[in-house]
Trainee: 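Sharing a structure, written as C-alpha cells. Questions coming.
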2 protein chains.
Amino acid sequence: MKAPRDVPTPLLESLKSLGLTKYEALVYIGLLRTAGATATEVHEISGVPRASVYPVLDRLVQKELVSVSHTTPKRFAAIPPDQGVENLMRRIESDAQSARTALDALYREKGPESRGDQELIWTIYGEENIKTRLAEMFKSAERSVELLATGDLLQRSVLSLLDPVPGSVPVEIVTDHWTGEQPSRFRLHLLPLAALCETPFLAKKLLPYERSGVFLVDDTRALLWMEGAEGQPSALYSESAGLVLFVRRHITTVMEWAKAAVQ
Amino acid sequence: MKAPRDVPTPLLESLKSLGLTKYEALVYIGLLRTAGATATEVHEISGVPRASVYPVLDRLVQKELVSVSHTTPKRFAAIPPDQGVENLMRRIESDAQSARTALDALYREKGPESRGDQELIWTIYGEENIKTRLAEMFKSAERSVELLATGDLLQRSVLSLLDPVPGSVPVEIVTDHWTGEQPSRFRLHLLPLAALCETPFLAKKLLPYERSGVFLVDDTRALLWMEGAEGQPSALYSESAGLVLFVRRHITTVMEWAKAAVQ
DNA sequence: TAAATGTTGTTGCTAATATAACAACAAGGT
DNA sequence: ACCTTGTTGTTATATTAGCAACAACATTTA
C-alpha cells in the first residue's frame, strides 16, 4: 500500500475551483495512482478518514470521476484525468450557459438608460474588459477617433479593434514605432525616434509605462490604458468634460511637440 | 431605489459553481440592474448587509466583474454578463488546464500495469464515459467485434465509434431497426420486426430498455449499456470470463432465435 | 461658529452553514 | 472469536453570512 504522500496545494485549489471538495480531490488523486482499490485502500492511500471515504466516493461516482465494481467489497477506479476533468468542465460550462442567459435577461431589463457614466471616471481591470470597452467606443464613433499609444500596445492589442470604426470617421494615430507599410485608412503621426533617444526623460513622460495609451473618441469619451510592469492592466474611462479636455490637450501637445522636434 | 427583489435560486447555484459566493452573486446581479451605484445603494438593491458590501465589492473588482469610479463616494458598475461570465470561465479554464497536466503526471506514473480489470465488473456512469470506454474497446479489437443494440442507440451513439476498428476484424451487428443502405463494412443481422410485434413480451426481454446494447470484443471484453427511462445512462464493463461467457451466449441465442423466427 | 445630523468606509464580533474528522456499531466473512 | 466492510451518529473546524459599533468626513441647522 502506498503512502498518502502529500499533494501539492495548488492542485487542490485548482480542483476545488472545479467544484470538488478537499476530500474529493484527495480521493480522486489517490485513485489515479492505483487500479481498482477498495474503500479501505482508498482511505489508506488518500489519508481521508475511512468513514468519510464512502460518501466521498458516492459523490465522485455521481460526478462521473470514478467507476465502481460489482464485487464485495466494492472496488473503485478513477476515470482518466483528461476525461474526468472534461466531465467536470461540462457541468460548469452548462452552469455558465444558464447563468449567462439568466443574467442577460436581467441586464437588458434596465436598458441603456441614464448612463451614469456622465461625469464619472471609471477604472476597469483586466485586458479583456478594457478591450471590450475600447471596441464599444470605436464602434460608436461619429466624428473623430484619436489615439496615442506605444507601438507595442498598438500592434498587439488595439489595432484589430479599429476595424469597426465607421468609414466616414477620421482616425488619427500617434505612436513611437510602426512596422509595415503606411496605412491608408489612418492618419499616422510618428514620434521622431531620434529626438526620443536624445531625451529619454521626455520619452518617459510622453509614454510613461511599457504598454500604455490614450484614446479619445468624438471629443467626448476618453480612455487611458495603463499597465504597470507586473500586475494586470487597468484603464480609466470617462466622459467627464474635465478629463476629456485634459486628454484633448495632451494629445495636441504631443503632436505639436513632434512637429517641432522634426524640424 | 429598487427593491432587493428575490433572485431565482438556480441562478445563485450556477454562479456559485462559477466560484462566486452568495453575496458576490447577489451584489453582481444587483449591479446589473442599475448603472453606477454607491456602496450603500448596492446594499439596498442587493439586500446584502451594508458592512459586508465593501469586501464583497473588492472581491468582485478583483474578479473583473465590476468597475469602480474615482469619485467620493466610490461608484460601482457591473461588467456586462457575457463578458463577466467569460472572465470567470477564463480563470476556471486555466485551473482546469493546470489540474489536467498535474493529474496526468500522477496518472502516468503508475503505468497501465496490473489491470485490476481482470475479474471485476465495473459500472460506468455518464454517456461520455461509456463512449470513451467503448472506443477503447473497439480500437484494441484484434479478432472480433459483436454488438446487439437498439437501433436508436446504435445510430445515435455507437455507429460513429466503430470507425477505429481495425480493417481485418469482422464486425457483427444485431439490431431491431436499420435505416439507410446495407453497410458493406459490417455483417448486419436484422431482428424480424413482424415477430417482435407479435410477441412484445419477447421484444422487451431481448432489448429491455429504450436505449440499450450489449458489446463483445475479442470474446474477452464485454460492455452492457443500459439506460433507464429517466436518469443518466450507465454501463457494466468486464473482462471476467463468467460475464463474457454469459454475453457470448446471449448474443448467440438472439441470433439463433432471429434465424428461426424468420423461417 | 458650533452643535446636530447623516453618510461613508472600517473593524470586530456572533450566527449559520458546509466541510472535515472521529467514535461506535451492525452485518458478514474468515 | 476475530477482522473487515459499510453505516450512523456526534463533534471539530473553516468558510460564509449577518450584525453592531465607530471614526472620518460632509451637510445642515441653530
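Residue numbers start from 1 in every chain, and the chains themselves are labelled A, B, ... in the order their sequence lines are given, proteins ahead of strands.
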Trainee: Are the charged groups of E136(B) and K139(B) less than 4.0 angstrom apart, N to O?
Mentor: no
Trainee: Can you find a side-chain donor-acceptor pair between E127(A) and S157(A) that sits under 3.5 Å?
Mentor: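 Side chains of E127(A) and S157(A): pair found under 3.5 Å.
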Trainee: Judged by modelled atom types alone, do R221(B) and S140(B) share a side-chain donor-acceptor pair under 3.5 Å?
Mentor: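 Their side chains do contain a donor-acceptor pair, which is all the 3.5 Å distance test asks for.
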Trainee: Could you tell me whether T21(B) contacts a base, only the sugar-phosphate backbone, or nothing, with contacts defined as non-hydrogen atoms closer than 4.0 Å?
Mentor: sugar-phosphate
Trainee: Nearest whole angstrom, please: distance from the P of dT17(C) to the CG of L12(B).
Mentor: 15 Å
Trainee: Assess whether salt bridge (charged side-chain N to carboxylate O under 4.0 Å, His left out) is satisfied between R108(B) and D104(B), documenting all intermediate values.
Mentor: CA-CA 6 Å; R108(B) 280 185 218 296; D104(B) 230 56; 2.4 Å; yes
Trainee: Rounded to the nearest angstrom, tell me the gap between atom NZ in K22(B) and atom P in dA16(C).
Mentor: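 My rounded result for the distance is 13 Å.
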Trainee: Do R59(A) and T21(A) have a side chain donor and acceptor closer than 3.5 Å?
Mentor: no
Trainee: Could you tell me how far apart L20(B) (CG) and dT15(D) (P) are, to the nearest whole angstrom?
Mentor: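 Going from CG in L20(B) over to P in dT15(D) covers 18 Å.
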Trainee: Rounded to whole angstrom units, what separation is found between the CD atom of E13(A) and the P atom of dT19(C)?
Mentor: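 Result: 14 Å.
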Trainee: Salt bridge or not for E41(A) and R75(A), using N-O below 4.0 Å?
Mentor: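 Counted as a salt bridge, because a side-chain N and a carboxylate O are separated by less than 4.0 Å.
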Trainee: Distance check needed: dT8(C) C1' versus H43(B) NE2, whole Å only.
Mentor: 13 Å
Trainee: Name the pairs: protein N/O against N/O of nucleotides 1-7 of chain D, kept only if under 3.5 Å.
Mentor:
{"residue": "dT5(D)", "atom": "OP1", "partner": "T40(A)", "partner atom": "OG1", "Å": "3.2"}
{"residue": "dT5(D)", "atom": "OP2", "partner": "T40(A)", "partner atom": "OG1", "Å": "2.3"}
{"residue": "dG6(D)", "atom": "OP1", "partner": "K74(A)", "partner atom": "N", "Å": "3.1"}
{"residue": "dG6(D)", "atom": "N7", "partner": "R50(A)", "partner atom": "NH1", "Å": "2.9"}
{"residue": "dG6(D)", "atom": "O6", "partner": "R50(A)", "partner atom": "NH2", "Å": "2.9"}

Trainee: Rounded off to whole Å, could you give me the CZ-to-P distance for the R75(B) and dG9(C) pair?
Mentor: 10 Å
